Amino acid sequence: MNRRVLATAAVALTGVLALSACSSSAGSDGPKAAGGPVNLTFWSWTPNMDKVVALWNQGHPDIQVSVQKQASGDDLVTKTITAAKAGNAPDLVQAEFQALPTLVSNDVLADISKQAGAAKSQFAAGVWQQVSLGTDAVYAIPQDTAPLALYYRTDLFQQYGLKVPTTWTEFADAARQLKQKDPGKALTTFSANDSGLFAGLAQQAGAKWWTASGETWKVGIDDAATKKVADFWGGLVKEGAIDNQPMYTPAWSKALNDGTQIAWVSAVWAPGVFTSSAPDTKGKWAMAPLPQWNAGEAVTGSWGGSTTGVTTGAKKAGHADAAAAFATWLNTDPTAVTALVKEAGIYPAATSAQTGSALAVAPEFFANQADFYPKAAEIAKGTAAAAWGPNVNVAYSTFKDAFGKAAQDKGDFAAALTAMQQATVADLKKNGFKTEG
C-alpha cells in the first residue's frame, strides 16, 4: 500500500462510510503562545484512560492531554473523519488496527515516522506492519493486541479422554470424539455474529484480504488460505461435529457455564468474558496455543487490538512532536503500560510489557494457570501480519449476513465466502476505486 493509493481513496471513502453532515465540537486547541503549554485532546474508549493520562500530565507540565471518552468501532471512525473534514478533529485518537487504512485514506492520521519510528523495535513485526501499512510511514503506535488461543475445560477434556489439539486436524478429531462419547455436548460453536474471529483465523492461515499495487486494489477474501478456513469450519458444522449457534447470547453463556460447550477459540481477553458468562467454571479452564495448520508451527491471528494515532490536524497546529511523544509514552513506557493493564485491563502490544511485572499474576478466573501471561506472550510472538483495506466495514457486514445464514442452515460456506468477496469488490468499484479482476 502506498501513499498515493491512500490519497486517491480519500474522497471515495466518504461514500463508503456514509458520513453524517454533523461535525464534532471537540478538537485541537491550536498553536500556543511562545512559552505556553501545549494542550492536546485525545479521543479514546479505553476505561479509566483519564487515570493513565493523569500520570503523563503530572510529569509533563508543558504538554497537557485531555481525554474525551468516545464509543468504539465504526461510529468513532465516522465521527473522527467528520471532525477532520470540519477542521476540528482531536490531536490524538484511539483506532482499531483495521480502521487505520480508512483513516489514512481520509487524511485523518499523520505520518509520525520521524517522531516515533524508533518505537518499531518494541513491537512484534506483524503488529508494527499494521500501523505502517507496509510502508516506511508510521500512522499510529500499537496499544493493545489480542492474539488468538484455544481455551478448554481441563476437567472435561480429562473426563472424556480428549487430547488438547495442536493442529486443526486434531481439533476436528477431538470434536468428533466428543460427539461420539456424549452427543449432548459440543467442543465449540461456529459463530457468525463477530467478524473479527473469522478474520483472525484467516490471518493465521496466511490470508491477505486487501493488497494494493499502484492505484489498484486487489481483494483476496476468497483466497486459498481463507477458503481453507471456511471449508474446515463449514465441514464441521455440516456433519454436526460442532454447534452452529452464535456467541454472546444467553444460550451460549449457559453452554459455557454448564459444560455443554467445552472449548472456545478466543483472544487473550477471554478471561473477562468467562467471568461474566461462565462464573461457575472458575479455575476449570486453561489456555493453549491456537491449533496449527502445519504441525510444529507457532502462528496465531488477532481478534481485536487498537492503536494511538496522531491526527493531521495536530500536525498542522504544530503539535505533532508533542502528540507523538505522548502516544509513544502511553504505549511503551513501563509506568504507563502498567497503569493501562491495571486500570483498563488491556493486553499490551509492547513485547517487553507482555513479560513485565504488570502481568506477573494470572487473571483471577485462571488462577489455576500461573503461567497464563507468559504463555500468552509466547503465543503473541507468532502473530501473523494482517492486511486491511478501505472498506472493512462492508466485508464484515456481509460476513455476518452470508455466514450467519450458512451456519444456521448448515449450508454452503464456500458460497458465503464468495458473497463476501463479491460484495467487497462491488463496493470498492461503486466508490471509484480501481480493482484487479
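In this text, all values refer to a predicted model and were calculated from it rather than measured experimentally.
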- Message: Whether Lys254 and Asp258 form a salt bridge (side-chain N of Lys/Arg under 4.0 Å from carboxylate O of Asp/Glu) is what I want to check.
- Response: yes

- Query: Sub-3.5 Å donor-acceptor pair from the side chain of Ser113 to the main-chain atoms of Val138, do we have one?
  - Reply: no

- Query: Applying the side chain to side chain donor-acceptor pair (under 3.5 Å) test to Ser44, which of Gln143, Gln94, Gln68 qualifies?
  - Reply: Gln94

- Item | Salt bridge Lys228-Asp231, side-chain N to carboxylate O under 4.0 Å | no

- Query: Does a salt bridge link Glu378 with Lys381, judged by any charged N lying under 4.0 Å from a carboxylate O?
  - Reply: yes

- Item | Check: Phe232 ring centroid to Trp293 ring centroid under 6.0 Å | yes

- Task: Check whether any side-chain N or O of Trp217 sits under 3.5 Å from a backbone N or O of Pro390 as a donor-acceptor pair, and report yes or no.
- Result: no

- Set of ring-ring contact (aromatic ring centres under 6.0 Å, His included) partners for Phe171, sequence neighbours left out: Trp168, Trp233

- Query: Are any side-chain N or O atoms of Thr154 and backbone N or O atoms of Lys284, one a donor and one an acceptor, separated by less than 3.5 Å?
  - Reply: yes

- Task: Indicate yes or no for a side-chain donor-acceptor contact from Gln408 to the backbone of Ala406 under 3.5 Å, with no hydrogens or angles considered.
- Result: no

- Candidates Glu96, Gln98, Gln130 - the one meeting side chain to side chain donor-acceptor pair (under 3.5 Å) with Trp388: Gln130

- Hey, are the side chains of Gln369 and Lys375 touching, using non-hydrogen atoms and a 4.5 Å cut-off? yes

- Query: Under a 4.0 Å N-O cut-off, is there an ion pair linking Glu239 with Lys179?
  - Reply: no

- Task: List in chain and number order the residues that pass side chain to side chain donor-acceptor pair (under 3.5 Å) with Thr398, two or more places apart in sequence or in another chain; answer none if no residue qualifies.
- Result: none

- Query: So, does Tyr347 use its side chain to make a donor-acceptor pair with the main chain of Ala377 at under 3.5 Å?
  - Reply: yes

- So, does Thr189 use its side chain to make a donor-acceptor pair with the main chain of Gln245 at under 3.5 Å? yes

- For Ile379 and Thr300 the tightest heavy-atom approach is O-CG2, 3.5 Å

- Query: So among Asp223, Thr226, Thr424, which one has a side chain to side chain donor-acceptor pair (under 3.5 Å) with Trp209?
  - Reply: Thr226

- Message: Is the shortest side-chain heavy-atom distance between Val310 and Asp91 below 4.5 Å?
- Response: no

- Are any side-chain N or O atoms of Thr311 and backbone N or O atoms of Ala314, one a donor and one an acceptor, separated by less than 3.5 Å? yes

- Message: Between Thr332 and Phe123, does the side-chain contact (heavy atoms from CB on, under 4.5 Å) criterion hold? Intermediate values first, please.
- Response: CA-CA 9 Å; Thr332 63; Phe123 302 94; 3.7 Å; yes

- Are Val164 and Tyr152 side-chain neighbours, meaning at least one heavy-atom pair lies under 4.5 Å? yes

- Query: Taking the inter-plane angle between the rings of Trp264 and Trp252 on a 0 to 90° scale, is it parallel (under 30°), tilted (30 to 60°) or perpendicular (over 60°)?
  - Reply: perpendicular

- Item | Under 3.5 Å: donor-acceptor pair, side chain of Asn331, backbone of Ala327 | yes

- Any chance the rings of Tyr151 and Phe365 have centres within less than 6.0 Å? no

- Compute the centroid of each ring, for Trp285 and then for Phe274, and state whether the two points are separated by less than 6.0 Å. yes

- What are the two closest non-hydrogen atoms of Phe372 and Pro363, and how far apart are they? CD2-CD, 3.4 Å

- Query: Of the non-hydrogen atoms in Val265 and Leu201, which two are nearest, and what is the gap between them?
  - Reply: CG1-CD2, 4.1 Å

- Message: Would you call the rings of Phe413 and Phe403 parallel, tilted or perpendicular, taking 30° and 60° as the class edges?
- Response: perpendicular

- Any salt bridge (charged side-chain N to carboxylate O under 4.0 Å, His left out) pairs touching residues 113-140, not counting sequence neighbours? none

